[in-house]
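Values in this document were obtained by computation on a predicted structure and should not be read as measured data. Residue numbering restarts at 1 for every chain, and letters A, B, ... go by the order of the sequence lines. Hydrogens, waters and symmetry mates are skipped; everything else that's a heavy atom, side chains included, is used.
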Amino acid sequence: MLEVRNLTKRFGGLVAVSDASLDVPEGAIVGLLGPNGAGKTTCFTIIAGFTRADSGSVRLNGQDITGMAPHRICGLGMVRTFQIVQPFAGLTVQENIAVGAYLRHDNRRDAMAEARAIGKRLGMGAMLDRPASSLTIAGRKRLEIARALATGAKLLLLDEVMAGLIPTEVTEIVGIIRQIRDEGHTFLMIEHVMQAVMSLAETAYVLNYGKMIAQGTPRQLVRDPAVVEAYLGHGAAARLQEAEHA
Amino acid sequence: MMRLASYGQVALVVAVLAYLGAVYVMPSQVWMGFTINALAMTIVALSWNVTGGFGGMSSFGHAAMYGTGAYASAVLQVQFGVNAWLAFGAGIMAGALMGGFIGALSFRYGLKGSYFALVTLAFAEVLRICAASFNITGGGRGLQLAIEPGVAALQFNKDRVLTYTLLLAIVALVMALTAWLKYSRFGAYLVAVRENEDAARALGIDTYRVKVTAMAISGAFGGLAGAIYLQLWLFIDSAVVYGVAISVVALIGPIIGGAGTVWGPLVGTLGLHLLGEGAKTALHNAPGLNFVLYAVVLIVALRFLPQGIMGLAARIGAFGRKGGDDA
């Protein structure tokens, strides 16, 4: 569904993303992992059209969308959420979701009805009339997903949607994401919370210093020496193995 | 269409309507003349409200659209002998084009906040100087319409009651358009752009187009206000219609009344004019005093009433769960 090939992005002397490629098949939940500063969010902003890559290409359903404006990409069925949640503070929860729904509905009544339905599906029924600014972090994360879903997009890019949540909230969101996937959506998610990655993603990519250093199932990845070293430092994998054998 | 959120807002709106109705039966013509001026300025305030209130693009140069509407209409009538009705329509169009042009240029370069405010101010000032410099715009002397009262030339100033009624109708129409805008897809997009432009883009909104369109709509209202000013006074010059005073009154009314609400611009502009006029009478016409007062009221409003008078009224006897600045 999504094919990313050889993305490279430099900020001055810093190579934020270097020759990164990944694939997201339809119906999958794919994780994008990596330590802080590895270039995950930069990768996301490029895929979603917010930043231009220096080289490389992004294809969505076979169509080249490299360098396309975000609103057009959204119209083609791929939408991103933000790591730092960005609700429209002056609007109610339902109106927030409706902003997304207006992409497919041109009048207020339809958009608001769609927003209500999606809000309920995501367990936000009781909050619909509240101002978005009154939501807790967990509520705002849900709102990000609801709004993205309301655009009718089939591929959702989630940027650290679990960050800052307590374990029970993580479990709830994991359930919601699984439910949405089963309804026919595809996910690419940046995630730090391993509990979430392990239980959701079938495949994951690991980015370090802008380069893809590993790919596989989450279970394979946590045993991959290159991944362990990316997180824990050079030589850590060997020391861990020694510790296991000792 | 114009949903009110509390008994406070209902009371406020009823008071405004009662005042506007009472003007018909007030014995003194002074009140009517005064209210006519206030209504004429309300249209500029409504114009500013589209971009500044809903869209969060605070312009400090709405005189650019106002003056362009007035001048386009005046030049066509005086220099080219065009029919007043056509010229009036052209004034609205010219305002829309000027708004769209300023918007297209400013937003192409990503101007926001105070930078956008300064650029709009600069546009208004450049236009003021241009209008004072060229012969076709009457140079420093301004333009004077030939006086021919009647429907054909759109000149009704002999009949105060008719002028007042027409202005009321126009203000009501622009407010209805504002309400329609607010509850349309475009209105939701405009608020989304105000609240968070990146999130708006991610959700499929062409933010550049939304902002430029808002400027064009605002410009059409501004041009309308300018063209009305011309028909009311039959004379314009650059210092008045492109003057900073217009830009100030355009933003101060909505901010005090409640930016981003349908009734706010009317409530604010009317309130300010009443206050200014009251102070002038009380203090024997000290010149410029109304602007000193406006400044004080603006500072107080910005500090204590972030959502203006409509926001304050919304908190009095709210209708329950939807409580907010909805109006």
Donor-acceptor contact present, side-chain B:R201 to main-chain A:H71, <3.5 Å: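 Flag not set: sc B:R201 to bb A:H71 has no pair under 3.5 Å.
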Are more than 12 heavy atoms from other residues, nucleotides or ligands located less than 6.0 Å from atom [atom1] of [X]?
| X | atom1 | answer |
| --- | --- | --- |
| A:I166 | CD1 | yes |
| B:F101 | CZ | no |
| B:M93 | CE | no |
| B:R209 | CZ | no |
| A:Q179 | CD | yes |

Max heavy-atom pair count under 4.5 Å with chain B, selected residue of A:R80, A:Q86, A:R72: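 When all of A:R80, A:Q86, A:R72 are compared, A:Q86 has the most.
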Heavy-atom pair count under 4.5 Å with chain B, highest-scoring of A:V79, A:N96, A:T151, A:D106: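 The candidate making the most pairs under 4.5 Å is A:D106.
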Can you give me the closest heavy-atom contact between [X] and [Y], atom names plus distance?
| X | Y | result |
| --- | --- | --- |
| B:A202 | A:C74 | O-SG, 3.4 Å |
| A:H105 | B:R185 | O-NH1, 3.7 Å |
| A:Y102 | B:Y183 | OH-O, 4.4 Å |
| B:A192 | A:V99 | CB-CG1, 3.8 Å |

Distance, nearest 0.5 Å, that separates CG of B:D198 from CZ of A:F82: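 Output value for this atom pair is 5.0 Å.
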Pairwise distance CG(B:L203) to CD(A:E144) - rounded to 0.5 angstrom: 8.0 Å
Between [X] and chain B, with a heavy-atom cut-off of 4.5 Å, which part of the residue counts as in contact: side chain, backbone, both or neither?
| X | value |
| --- | --- |
| A:A48 | neither |
| A:N107 | neither |
| A:L91 | side chain |

Test item: B:V191 and A:F88 side chains (from C-beta on) under 4.5 Å apart, heavy atoms: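 The answer is no; the side chains never approach within 4.5 Å.
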